[in-house]
Amino acid sequence: MLYVDIPSREEFSRLADVRSDACISIYLETSPLRQKLDASKIQLGNLIKEALDQVAEKGLDKRRLALLEEELYSVLEDEDFWDLHARSLAILATPDSIKTYRLANELPNQLEVSERFYLKPLLRALTFPHSAYILALSENQTRLIEFFADVPPVEVAVPNMPSHKRDAMGDAALNDHHHGAVHHKVRLAQYTRKVDHALRPLFASHDYPLILASTEPLASIYRSTNSLPNLTDETLFSNAEHLGASELVTLVRPLMEKYYQAQLKALKSRFETRAGERRVTQDLSDAARAATFGAIDLLLINIDSSVNGTIDNDGVITFSGNSNEASYGIIDEIAKRAMATGARVLAVRSEDLPAGADLHAILRYPL
């Protein structure tokens, strides 16, 4: 099972506001398999040494350098910390503090040294779910299964969730055969309502997709009592009682692809509508000003794009040919400002954007 702890939007905003004489951003390839983590630890040691060399060359005070070294090695040498990992690790350190985040998405090894943190890779983890759930539901069995891209699925223990209809209804379920079909559906609705109630706390803090695997009439009855907004429209119509977790995941993956394609198609349609209202921009300068003054409603940024420069308090960009202490990734800064004013921000691949675009924004009012 992946151990994931990504920052909340509020944490992301606080990280984006950090300024220091040395901000170290390390992104490291890891593995949920403990036996593969030795290579990651060796690589981390190399990145730490490189980071310390860079800040020393820039003249960081020796006492501050010693504090930074202590912070970074506290992660590398913490054996308990390395017991649980996902597919990537983010380490954000200054001489005064350190934050670590274990991420489900695969990120290449990367080191950035500046006066602020490099946060674009975290945006991808923050804005797109990298796991999903299957609710395998029948009258005789209820299971919740979590799955990821390339890690074996796991069955999740959900407090107070009935394991089958009899568990939910008690002795009343035994007498259903003495009553008609209408009464039986009433019992099923009571059962599915209890399943839904048990799932609410689990999904209260995130919106990972939930896919239903069931047969009729139980599938329709569950949907009629469902209160979770992340339940997908697609249903795997199959008797899940006789299917293992891995078999269910194999059957569900095509439905997940449909789910994501539907999301992207809906966004494309929304952009086309807003373009006719002059509420769309791909221009970095326009987007920077709009983000600064709270005019962005939805922002897609190219995770593969890198543009250096600065943005002043009026949203005016000064472009820079390279990254240094004075300049930074302006797309990250636009995203940070947009999020701070309530915009929805998604970090996507270049193929999900118009050709050549670094970003794509829907505005709250016309340009």
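What you see is a predicted model; the values in this text were computed from it and never measured. Below, all heavy atoms of this structure are taken into account, side chains as well, without hydrogens, waters or symmetry copies.
- Side-chain contact between Lys41 and Leu76 is present, with at least one heavy-atom pair separated by less than 4.5 Å.
- Hydrophobic clustering, with ILVMFWY side chains joined whenever heavy atoms are under 4.5 angstrom apart, keeps Val316 apart from Ile296.
- The line from NZ of Lys336 to CZ of Phe117 is 13.5 Å long, rounded to the nearest 0.5 Å.
- Nearest heavy-atom pair across Leu199 and Leu135 is CD1-CD2, 4.1 Å.
- Ile303 is listed as a side-chain neighbour of Arg349, based on a closest heavy-atom distance under 4.5 Å.
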Between Phe271 and Lys268, is a side-chain contact (heavy atoms from CB on, under 4.5 Å) present by the stated rule, with each step listed?
CA-CA 5 Å; Phe271 272 98; Lys268 182 179 179 180; 5.8 Å; no

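- There is no path of hydrophobic side-chain contacts, each under 4.5 Å, that joins Leu243 to Phe237.
- A salt bridge is defined here as a Lys NZ or Arg NE, NH1 or NH2 lying under 4.0 Å from an Asp or Glu carboxylate O, and Arg200 with Asp196 meets this definition.
- Annotation: side chain of Leu300 is not in contact with side chain of Asp352 (no heavy-atom distance under 4.5 Å).
- Using modelled atom types and a 3.5 Å distance limit, the side chains of Gln190 and Arg187 yield a donor-acceptor pair.
- What you find for Ala335 and Leu123 is that their closest heavy atoms are CB-CD1, 3.7 Å.
- Using cut-offs of 30° and 60° on the angle between ring planes, the pair Tyr118 and Tyr27 is perpendicular.
- Counting heavy atoms from C-beta outward, Leu267 and His360 have side chains that stay 4.5 Å or more apart.
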Could you walk me through whether Leu111 and Gln54 pass the side-chain contact (heavy atoms from CB on, under 4.5 Å) test, one step at a time?
CA-CA 11 Å; Leu111 167 66; Gln54 285 191 36; 3.8 Å; yes

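- Ring pair Tyr133/Phe203 is perpendicular by interplanar angle, where above 60° counts as perpendicular and below 30° as parallel.
- In this structure, the separation between CZ on Arg253 and CG on Leu251 is 11.0 Å, given to the nearest 0.5 Å.
- With hydrogens and angles ignored, the 3.5 Å screen pairs a side-chain donor or acceptor of Ser88 with a backbone N or O of Leu107.
- Salt bridge absent: Glu69 and Lys62 never bring a charged side-chain N and a carboxylate O closer than 4.0 Å.
- Under a 3.5 Å cut-off, the side chain of Asn160 and the backbone N or O of Ala198 do not form any donor-acceptor pair.
- In terms of heavy atoms, Val280 sits closest to Ala275 at CG2-N, 3.4 Å.
- No side-chain donor-acceptor contact under 3.5 Å links Gln141 to the backbone of Ser138.
- Counting non-hydrogen atoms of neighbouring residues, nucleotides and ligands closer than 6.0 angstrom, the CG atom of Asp61 exceeds 12 such neighbours.
- Ile98 places a side-chain heavy atom less than 4.5 Å from the side chain of Ile91.
- Counting non-hydrogen atoms of neighbouring residues, nucleotides and ligands closer than 6.0 angstrom, the CZ atom of Arg19 exceeds 12 such neighbours.
- Note that CD of Glu155 and CD1 of Ile134 are 11.0 Å apart. Values are rounded to the nearest 0.5 Å.
- By the 4.0 Å N-to-carboxylate-O rule, Glu333 lies close enough to Arg116 to be salt-bridged with it.
- Between Ala136 and Ala240, the closest heavy-atom pair is CB-CB, 3.6 Å.
- In this structure, CG in Leu52 is found 11.0 Å from CG in Leu47, a value given to the nearest 0.5 Å.
- Side-chain heavy atoms closer than 4.5 Å link hydrophobic residues (I, L, V, M, F, W, Y) into clusters, and following such links, possibly through other members, connects Met161 to Tyr208.
- Atom CD of residue Glu277 and atom CG of residue Leu363 lie 11.0 Å apart, to the nearest 0.5 angstrom.
- A donor-acceptor contact shorter than 3.5 Å is absent between the side chain of Arg274 and the backbone of Ala361.
- Here the side chain of Ser269 pairs no donor or acceptor atom with the backbone of Lys265 at under 3.5 angstrom.
- A donor-acceptor pair is defined here as one N or O able to donate and one able to accept, closer than 3.5 Å; such a pair exists between the side chain of Thr142 and the backbone of Pro162.
- In this structure, OG1 on Thr30 lies 9.5 Å from CD on Glu106, to the nearest 0.5 angstrom.
- With contacts defined as side-chain heavy-atom distances shorter than 4.5 Å, the pair Arg64/Ser20 qualifies.
- Contact between Ala219 and Ser214 at its shortest, heavy atoms only, is N-OG, 3.8 Å.
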Walk me through whether Thr341 and Thr292 qualify under side-chain contact (heavy atoms from CB on, under 4.5 Å).
CA-CA 9 Å; Thr341 57; Thr292 301; over 6 Å; no

After noting the C-alpha distance and the side-chain angles of Val18 and Cys23, does the key distance pass the side-chain contact (heavy atoms from CB on, under 4.5 Å) rule?
CA-CA 8 Å; Val18 171; Cys23 284; 4.1 Å; yes

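- Judged purely by atom type and a 3.5 angstrom limit, Asn308 has no side-chain atom pairing as donor or acceptor with the backbone of Ser320.
- A heavy-atom distance below 4.5 Å is not found between the side chains of Ser246 and Val249.
- With a 4.5 Å cut-off on side-chain heavy atoms, Leu15 and Tyr101 count as touching.
- Considering every non-hydrogen atom in both Leu298 and Arg270, the closest pair reads CD2-NH1, 3.9 Å.
- Remark: Arg34 engages Asp83 in a salt bridge, criterion side-chain N to carboxylate O under 4.0 Å.
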